[in-house]
Amino acid sequence: MELSKNFIAGEAEAKWYAHWLEKGYFNSTPDEREPYTIVIPPPNVTGVLHMGHCLNNTIQDILIRRARMQGKNACWVPGTDHASIATEAKVVGMLRERGIAKSSLTREEFLAYAWEWKEKYGGIILQQLKKLGCSLDWNRTSFTMDKDYYQSVMKVFVDLHGKGLIYRGKRMVNWDPVSLTALSDEEVIFKEVDSKLYYVKYLLTDKDGQPSGAGLTVATTRPETILGDIAICVNPTDERYTNLIGKNVLVPIINRVIPVIADEYVTMDFGTGALKITPAHDKNDNMLGIKHNLKAIDTLDASGKFTAENLMEDNPSELVLSYVGVDRFALRKKIVEDISALQLIEKTEEYKGQVGTSERTGAVIEHRLSLQWFIDMQKFIANNPEILSAVSDDTIAFHPAKLKNTYSHWMGNIKDWCISRQLWWGQQIPAWYDEAGNVYVAESLEALHVNQPETIGLQLKQDEDVLDTWFSSWLWPMEVFKGISHPGNDDIAYYYPSTTLVTGQDILFFWVARMIMAGYEYAGQRPFKDVYFTGMVRDKLGRKMSKQLGNSPDLLALIDNYGADAVRFGIMVSSPAGNDLMFDESALEQGRNFNNKLWNALKLVKMWEARVADDNDTSDTNSFAINWFTNRLNEVKAEVEILMHQFRLSEALKTIYSLIWDDFCSWYLEWVKPGFEQPVEAAVFNTTVAFFEELMQLLHPFMPFVSEEIYHLLRQQSTDLCVTQNAPTIAAAVPVLQQGELLKQVISALRDARNKNQLKPKETIQLHIQTEDSAAFKAIENIISKQVNAAAVFYTNDTVANSIVVAVEQNKFYIESEQKLDSAALKADLLKDLAHQQGFIASVQKKLSNEKFVQNAKPEVIELERKKLSDAAARIKTIEEGLAGLN
RNA sequence: GGGAGCAUAGCUCAGUUGGUUUAGAGCAUCUGCCUUACAAGCAGAGGGUCCGCGGUUCGAACCCGUGUGCUCCCA
């Protein structure tokens, strides 16, 4: 069969993926084998595959394919997340383009559009994962809004509510005035922005409440909230203000009389040391407001526009009423102007401050008081102390382990989790209100009527809000096996807890921590044994990938250009565990070149097929080569096993790459390669094919397509590589490996000497070997002469005059050639080496002559130093002989 | 403001309880080769104040202190 010039990735990918699916290799059902379970971090249902997914899922596929080849029952569960905020934003955007406003729709109409959108775009991302070669059990595809899943979320809400872990409360929340919803702390991104610090004067009042002329200056970045001020706060130890504590001041424009109070919270050296308190619009102010029992006056509505609704007690002036409906940023300007007109702005300073923005819409968030549902996290953790201990004692092992600190630090400072979102797309909160405002919680209205018959006949209205997306995805490792909706079923009993979770560091708190919480609360055990955290994929300049920068490559185009295996190789070879990854397309090129290298090695072996010798003779040289590679392969298999166990995937791949490219192709194949059109020994051919198969097996989890293709082209196979079980690893024989290393060193040193002396590759040499072990060299002299282009090999006990001398360990090699040697260059080279050796020997001698070293160091260390000394001395002797021979 | 981490070749990174030749790999660079598997290749080479300073030790890239620079998380 004629093989194409290069490996054609696209054809192999389509062919093998379809074949694997048809054979059902990726499907798993419980049996007597040990399970190896991974649940995919569910991507957003309407998302498309990006580099982060590529990294993440390649890693998962490597782990799951390797487990499958190790005889485990490998189960990798796919699925998607309904992603309430992101998806709703997309649907709203789509409707806007069609000229439909969300506000003109009923909830049911909107949800119909959303489902339509989901049916159309949902799952595209899953198709893309197939392109990457991901071996997911597609029969198990889950979605966080599937009927059972939805019901399990309801069940958990009701359960936690019943346990007193969920409460409803008016709290200060992060409010996104664009999407009109509360955000959890984790959804707020702090950005540094240039703003201004305004110094505003509040006039002191006399006994009659009239302005006394004197004033108190407050520095603020948010003058638009001034009309909600309820107090001025100073530090009680601040001598500048002690006489003012207890006095009253007037709020500019609205002329509300407010007190000056004292609290240690206030930093004396920020601004003027006096802080205005606006409990409705700032978290810290709110905290102070509660402490000092102050009223909160809300002056901004849900969309961040001014409202006078709560100002009626202040008899608002026409000026104040003119602000109604003005957006917060315009309002800031207006109020500054108006206070300025009252001559109450003392000065303005430039200020760099941190501003919270919404992760989804980018809008500057407001702190806003609103009625939300919360989970009492302290209590939750107190009920399940394993949430903390499991991570600290490695019951759940984090890779890299440094994230354990981050986890425990976060857990130690945990805040209650706001789980309600003012959206429609998602699980609607299962709470109903009667006309009197009483709240009833139940899995459904029917359930409510059954549980609390007194509610029958009441006018009930369900809570408008939905639950935070993470309130459903924290159940993922259980509910993909229907562990919540159908407790105790065969799947959950077999697959849970899952083996490894692979996810991004950025969702450690959002998701990983909460799955651990849910795992202990609802399954009574850890949700996974190991967590492998990936870093962020950045571009080669270290920038985050973003649409604005346009530095986010189109993954499918990359797969088309380089092939899926090359993409997998490229992303894995440059991905240190847990660190950010600088993505560079040249890594993919390396992957494609590797494919090609494999392909060419295959072509060589296939060429031999027609020329296998009839007899069964095997030369000593070839026996040596085979024996060496057998052991080298065993050595690397053991190394890879350790690396995989430590989740050092990138290093495992590099190790395999080097084994194939360097040891197999550059050394082994060259050693056993017959001369032009010469027959190949039967043993060489058969063993080489077997080696090649083992190499493909080792590589398969990383590069599944090219390995499967080559495996089948090597010879007729009875099964597929994808499910071929690994043979147990055999310990390598060290002496054979050492001999191989010596041979490589000799060849490299001789080639280097040839190169330095500008001997043309085609020019043959006479090689003289001076060694104490000529028998060892006789077995491999054919390899040496082939590799360094020697016409003849001699053994000698003496220096060979007018030759290039090369020393490797205790052995000396003399190169004789027709070409005249450049003795000056040779001499310079030898002198340089001599100086290096002498420097080295001096440092070793210094160590050995140090009595304290000899007394304290371990015997084997001293022994080693002695060996270094004798090796170096021998080497110096050789160099000196070489120098003498040149003169 | 609080916490965590990082700094090794031009770039990206290894370097296991402190001792395995005065530090390794891949990529990039340079030199020579179109050698019948492979120029998407082959053979070789050069390149480092292990961030600075101080300390512990017989011995430090590794441990301790300190300074500098960077990154991330939290407020």
Side-chain angles (χ1 to χ4, degrees), chain A residues 3 5-7 185-186 188 190 267 270 283-284 354 356 400 402-410 412-413 415 505-506 508-509 535-536 540-542 562 566 573-576 578-584 586-587 589-608 642 646 648 650-651 653-655 657-658 661 665-666 669-670 673 675-677 747-756 758-762 787-789 836-837 839-844 846-858 860-862 864-865 867-869 871-872 875:
Chain A
L3 291 173
K5 184 173 187 296
N6 290 330
F7 172 62
D185 289 343
E186 288 75 18
V188 176
F190 286 88
T267 315
F270 182 83
K283 259 189 184 167
N284 296 316
Q354 296 282 321
K402 64 181 180 189
L403 289 171
K404 284 164 71 173
N405 287 337
T406 317
Y407 177 85
S408 61
H409 188 253
W410 185 74
N413 297 289
K415 306 265 178 350
Q505 282 181 30
D506 50 338
L508 170 58
F509 305 130
M536 193 184 293
K540 65 177 170 185
L541 301 173
Y562 296 94
V573 84
S574 48
S575 92
N579 285 334
D580 284 357
L581 175 156
M582 311 289 177
F583 177 77
D584 186 348
S586 71
E589 240 171 83
Q590 201 189 339
R592 182 199 55 191
N593 295 352
F594 186 36
N595 273 339
N596 204 35
K597 184 73 183 178
L598 294 166
W599 194 250
N600 280 306
L602 172 72
K603 285 203 287 191
L604 176 68
V605 176
K606 291 308 279 184
M607 234 170 62
W608 294 349
I642 293 168
Q646 298 170 331
R648 296 165 75 167
S650 184
E651 282 179 64
L653 175 59
K654 284 179 191 168
T655 305
Y657 173 82
S658 165
W661 199 305
C665 292
S666 297
L669 287 179
E670 293 298 335
K673 187 157 95 177
F676 183 51
E677 290 186 346
I747 293 168
S748 290
L750 291 171
R751 282 170 169 171
D752 180 28
R754 287 186 59 120
N755 241 324
K756 289 243 169 74
Q758 296 177 320
L759 292 177
K760 296 277 174 207
K762 278 182 179 162
Q787 295 266 279
V788 304
N789 198 14
H836 180 264
Q837 293 299 331
F840 175 67
I841 222 165
S843 82
V844 178
K846 192 176 154 201
K847 230 188 239 185
L848 283 170
S849 61
N850 183 335
E851 268 179 46
K852 284 185 175 170
F853 170 71
V854 181
Q855 276 167 19
N856 296 320
K858 284 180 276 185
E860 58 268 31
V861 172
I862 295 170
L864 189 74
E865 292 300 319
K867 183 169 186 304
K868 283 186 201 170
L869 190 66
D871 281 358
R875 195 164 165 94

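Here is the naming used below: chain letters follow the sequence lines, and residue numbers restart at 1 for every chain. No hydrogens, no waters, no symmetry mates; every other heavy atom, side chains included, goes into these values.
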State plainly whether the residues A:K868 and A:E865 are in salt-bridge range, i.e. N to O under 4.0 Å. yes

Counting only heavy atoms from other residues, nucleotides and ligands, does the tally under 6.0 Å from CD of A:E860 exceed 12? yes

Which of the following nucleotides, B:rU21, B:rA4, B:rG2, is nearest to the side chain of A:H409? B:rG2

Without decimals, in angstroms, what is the distance between A:D752 CG and B:rG32 C1'? 12 Å

Think A:S748 has a side-chain N or O under 4.0 angstrom from the OP1 or OP2 of B:rG44? yes

Counting distance only, does the side-chain N/O of A:N413 pair as donor-acceptor with the main-chain N or O of A:H409 below 3.5 Å? yes

Under 3.5 Å, is there a donor-acceptor pair between the side chain of A:N789 and the main chain of A:K762? yes

Is the phosphate of B:rA37 approached by A:K673 (side-chain N or O, under 4.0 Å from OP1 or OP2)? yes

Which whole number of Å gives the distance between the P atom of B:rG5 and that of B:rU66? 15 Å

Nearest-Å distance, CH2 (A:W410) to C1' (B:rG2)? 17 Å

Quick one: label A:D584 by what it contacts on the DNA or RNA (base, sugar-phosphate, nothing), any heavy atom closer than 4.0 Å. nothing

Regarding the side chain of A:K654, the nearest nucleotide among B:rC73, B:rC13, B:rG19 is B:rC13

If you only use heavy atoms from C-beta on, which nucleotide in B:rA40, B:rG15, B:rG19 is closest to the side chain of A:N596? B:rA40

Please give the distance between the P atoms of B:rG47 and B:rC30 as a whole number of Å. 16 Å

How long is the line joining CG of A:L848 and C1' of B:rU21, in whole Å? 13 Å

Consider the side chain of A:R648, meaning its heavy atoms from C-beta on, and name the nucleotide among B:rA14, B:rU36, B:rG41 that approaches it most closely. B:rA14

Side chain A:R751 and base B:rA43 donor-acceptor under 3.5 Å: no

Between P on B:rA39 and CD on A:E589, what's the gap in Å once rounded to a whole number? 16 Å

Remember a base hit wins even if backbone is also touched, and classify A:E851 as base, sugar-phosphate or nothing at under 4.0 Å, heavy atoms. nothing

When A:L669 and A:F840 are each assigned the nearest nucleotide of RNA chain B, the 5'-most assignment goes to A:F840

Has A:K760 got a side-chain N or O lying under 4.0 Å from the OP1 or OP2 atom of B:rC33? yes

Between A:W661 and B:rC42, is there a side-chain N or O to OP1/OP2 distance below 4.0 Å? yes

Under-3.5 Å donor-acceptor pair between A:E670 side chain and B:rA37 base: yes

Over all atoms of both residues, closest heavy-atom pair of A:L869 and A:I841: CD1-CG1, 3.5 Å

Between B:rG44 and B:rU35, how far apart are the two C1' atoms, rounded to whole Å? 15 Å

Using the P atom as the reference point in each nucleotide, state the distance between B:rG54 and B:rC72 in Å, no decimals. 32 Å

Span that lies between the C1' atom of B:rG48 and that of B:rG15, in whole angstrom: 14 Å

Checking only heavy atoms, does the side chain of A:K597 share a donor-acceptor pair with the base of B:rC38 at less than 3.5 Å? yes

Think A:N789 has a side-chain N or O under 4.0 angstrom from the OP1 or OP2 of B:rU35? no

Proximal nucleotide (of B:rC58, B:rA75, B:rU12) relative to the A:K415 side chain: B:rA75

What's the gap between B:rC6 and B:rU17 when it is taken at their P atoms, as a whole Å value? 15 Å

Take atom CG of A:L581 and atom C1' of B:rC72, then tell me their distance rounded to the nearest Å. 16 Å

Heavy-atom nearest nucleotide on RNA chain B for A:F594 versus A:L864: which residue maps closer to 5'? A:L864

Please determine, for the side chain of A:N593, which listed nucleotide (B:rG41, B:rC73, B:rC27) has the closest atom? B:rG41

Need one value for A:E865: base, sugar-phosphate or nothing, where a base atom within 4.0 Å counts as base even if backbone is also close, heavy atoms only. nothing

Please pick, from B:rC58, B:rU21, B:rA37, the nucleotide with the shortest atom-to-atom distance to any side-chain atom of A:N856. B:rC58

Reckon A:S666 has a side-chain N or O less than 4.0 Å from the OP1 or OP2 of B:rA43? yes

Looking only at atom P, what distance separates B:rA9 and B:rU49, rounded to whole Å? 9 Å

Taking the side chain as everything from C-beta on, heavy atoms only, tell me whether A:F7 gets closer than 4.5 Å to A:L602. no

Nucleotide of B:rA4, B:rA45, B:rA14 approaching A:N405 most closely (side-chain heavy atoms): B:rA4

Candidates B:rC58, B:rA37, B:rC27 - which lies nearest the side chain of A:S586: B:rC27

Test your reading of the model: is there a side-chain donor-acceptor pair from A:T655 to the backbone of A:E651, 3.5 Å cut-off? yes

If you measure from the C1' atom in B:rG2 to the same atom in B:rG19, how many Å do you get, rounded? 40 Å

What is the distance from NZ of A:K847 to P of B:rU22, rounded to the nearest Å? 8 Å

Take the protein atom CG of A:L869 and the nucleotide atom C1' of B:rG19, then report the distance between them rounded to whole Å. 16 Å

Under 4.0 angstrom between A:K756 side-chain N/O and B:rU31 OP1 or OP2: no

Treating A:R751 as the side-chain partner and A:V788 as the backbone partner, does any N or O pair qualify as donor plus acceptor under 3.5 Å? no

